[in-house]
Amino acid sequence: MNTQLRPNSVATQDVTYHMHSQTNPGEHEARGPLIITRGDGVRVYDDEGKEYIDAMAGLWCASLGFNNKRLADAATRQYAELGFYHTFNHRTSAGVAALSQKLVELTGMTGGKAYYATSGSEANETMVKLAWVYHTVHGKPTKRKVIARQRAFHGSTIAAASMCGLEFMHREFGLPIPGFQHTLCPSPYRGMLPGEDADAFVARLASELEALILRESPDTIAAFIAEPINAGGGIIIPPARYFAAVGAVLKKYDILFLDDEIVCGFGRTGRWFGKETVGMAPDMMSMAKGLSSSYFPISAVVIKAEIYEAVKTFNAQGGSFGHGFTNSGHPVGVAIASEAISIYEEMGLEAHVQKMGARLKGHFQDIASRSAIVGEVRGEGLMLGIELVRDPATKEPFAPAMKTGLAFDQIAYRNGLISRCMGDVLGFSPPLIVTESDVDQIAERCEASLKELETSLPKV
Ligand SMILES: Cc1ncc(COP(=O)(O)O)c(C=O)c1O
């Protein structure tokens with residue numbers, strides 16, 4: 001981290017001209033940027049040569065690490081052959097058609113279709129628009145509202161941000177826009193009432209959802225959106241039967257089920273898609289990040305046949321589907337995504353992630369047993385969280401003003417580990433290519449950082 005902004009430096013140029021995402025502007029001016037100059041597998045290096053294990057894979061996304069040669073070669077080959085083409089007005093390329101078949105097959109959306117966009121937010125908004133078409137075609141044009149969940153993250157464009165259940169995504173912009181509602185977050189650690197077991201918790205979550213639907217009126221609700229495991233809200237794994245119970249409520253009121261697989265997709269939870277890990281039966285799925293290991297801004301939506309049929313019916317009189325992005329199905333993004341999927345298949349994605357995930361979680365559980373401030377270790381596959389608390393016995397949290405999670409991140413940076421706190425939940429989502437020795441080093445740096453943090457905390 002640059003503490004001094006030298007004239008004519010990258011840091012000064014960045015502070016002078018660049019406005020950052022999800023960054024405090026004043027603090028950025030004071031402390032300057034962290035300048036990452038190169039990657040090597042799961043590691044990245046800053047401009048002073050300092051090495052970090054990026055245990056967040058950037059933003060839950062660089063699943064194949066930071067300098068994968070096969071992905072670079074796939075991009076180079078495609079750029080040399082056809083550097084751009086689009087998918088409007090019947091255009092396609094061989095790569096787009098092949099990737100579409102692969103995505104429909106991998107997701108088990110038999111008879112369905114794949115659609116492309118360039119970010120997770122666009123993919124999620126595409127699902128909302130498709131839900132509106134579906135209900136209109138089925139004679140229910142008043143079904144427009146979308147239900148998301150508290151603590152959810154679904155993106156930054158206006159509707160996607162409205163689906164977020166996080167105050168920091170709303171406060172500057174007066175969001176959510178009307179028609180976007182939020183139901184309870186299925187967090188067993190924070191949401192279960194004293195004496196409540198998992199079944200009773202699930203029953204309460206489902207009945208709260210049903211109550212919201214009835215309050216709003218079922219004929220106004222188009223869709224429900226959820227991640228299989230909530231990533232950005234703090235790695236929240238719902239209880240076992242949660243999605244079955246939610247699915248039954250949605251079916252009862254003819255509400256479409258939108259599955260945000262933007263983090264969970266492509267092996268992150270130890271299965272190809274998070275829906276398999278948690279038992280979800282969606283009508284549409286959005287994906288991005290792991291799709292190309294984020295080597296290109298490509299996202300996709302895979303939809304059931306019924307959704308596609310609705311679009312076809314709507315346009316039966318000759319109109320065109322009124323949606324699309326210039327770079328939908330960009331040939332370079334598609335080539336990289338296809339190569340990424342081939343690599344996932346060759347590396348035995350599910351078994352590898354399950355093995356490395358179990359090893360890392362085991363280390364974290366050992367660390368928790370030696371720490372006085374770990375309330376819970378949770379996660380599936382390589383999507384793990386450590387919740388820090390003042391008192392593990394009572395789950396009493398630290399005062400938010402202490403910013404304990406942020407303090408951990410800063411110590412971890414110094415110790416060569418990139419983690420990402422969500423409040424006081426420490427997130428770990430390393431590249432899926434981690435080896436046993438990488439996992440062991442993540443755990444070592446994590447424990448050293450946690451010990452430093454514990455020592456620095458005021459005694460009570
Ligand atoms: C679960 C989830 N959905 C959607 C998004 C938005 O993706 P993008 O930033 O590509 O628009 C993110 C981004 O982190 C995400 O974590």
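Atoms within a ligand are numbered from 1 in the order they appear, just like the ligands themselves. Quick caveat, the model's predicted, so the values are computed rather than measured.
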If you look at each N/O of ligand 1, which protein N/O atoms lie under 3.5 Å away, and at what distance?
from: ligand 1; atom 1: 3 (N); to: Asp260; atom 2: OD1; distance (Å): 3.4
from: ligand 1; atom 1: 3 (N); to: Asp260; atom 2: OD2; distance (Å): 2.7
from: ligand 1; atom 1: 10 (O); to: Gly120; atom 2: N; distance (Å): 2.8
from: ligand 1; atom 1: 11 (O); to: Gly120; atom 2: N; distance (Å): 3.3
from: ligand 1; atom 1: 11 (O); to: Ser121; atom 2: N; distance (Å): 2.8
from: ligand 1; atom 1: 11 (O); to: Ser121; atom 2: OG; distance (Å): 2.5
from: ligand 1; atom 1: 14 (O); to: Lys289; atom 2: NZ; distance (Å): 2.8

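- Residue pairs satisfying the side-chain hydrogen bond (donor to acceptor under 3.5 Å, both in side chains) criterion with at least one member in residues 54-66, sequence neighbours excluded, are absent.
- Salt bridge Arg445/Glu51: present, at least one basic N to carboxylate O contact under 4.0 Å.
- Residue pairs meeting the salt bridge (Lys or Arg N to Asp or Glu O under 4.0 Å) criterion with at least one member in residues 293-303, sequence neighbours excluded, do not occur.
- Annotation: side chain to side chain donor-acceptor pair (under 3.5 Å) contacts of Lys395 (sequence neighbours excluded): none.
- The pair Lys140-Asp254 counts as a salt bridge, with a side-chain nitrogen and a carboxylate oxygen less than 4.0 angstrom apart.
- Taking the charged nitrogens against the carboxylate oxygens, Arg204 and Glu208 have no contact shorter than 4.0 Å, which rules out a salt bridge.
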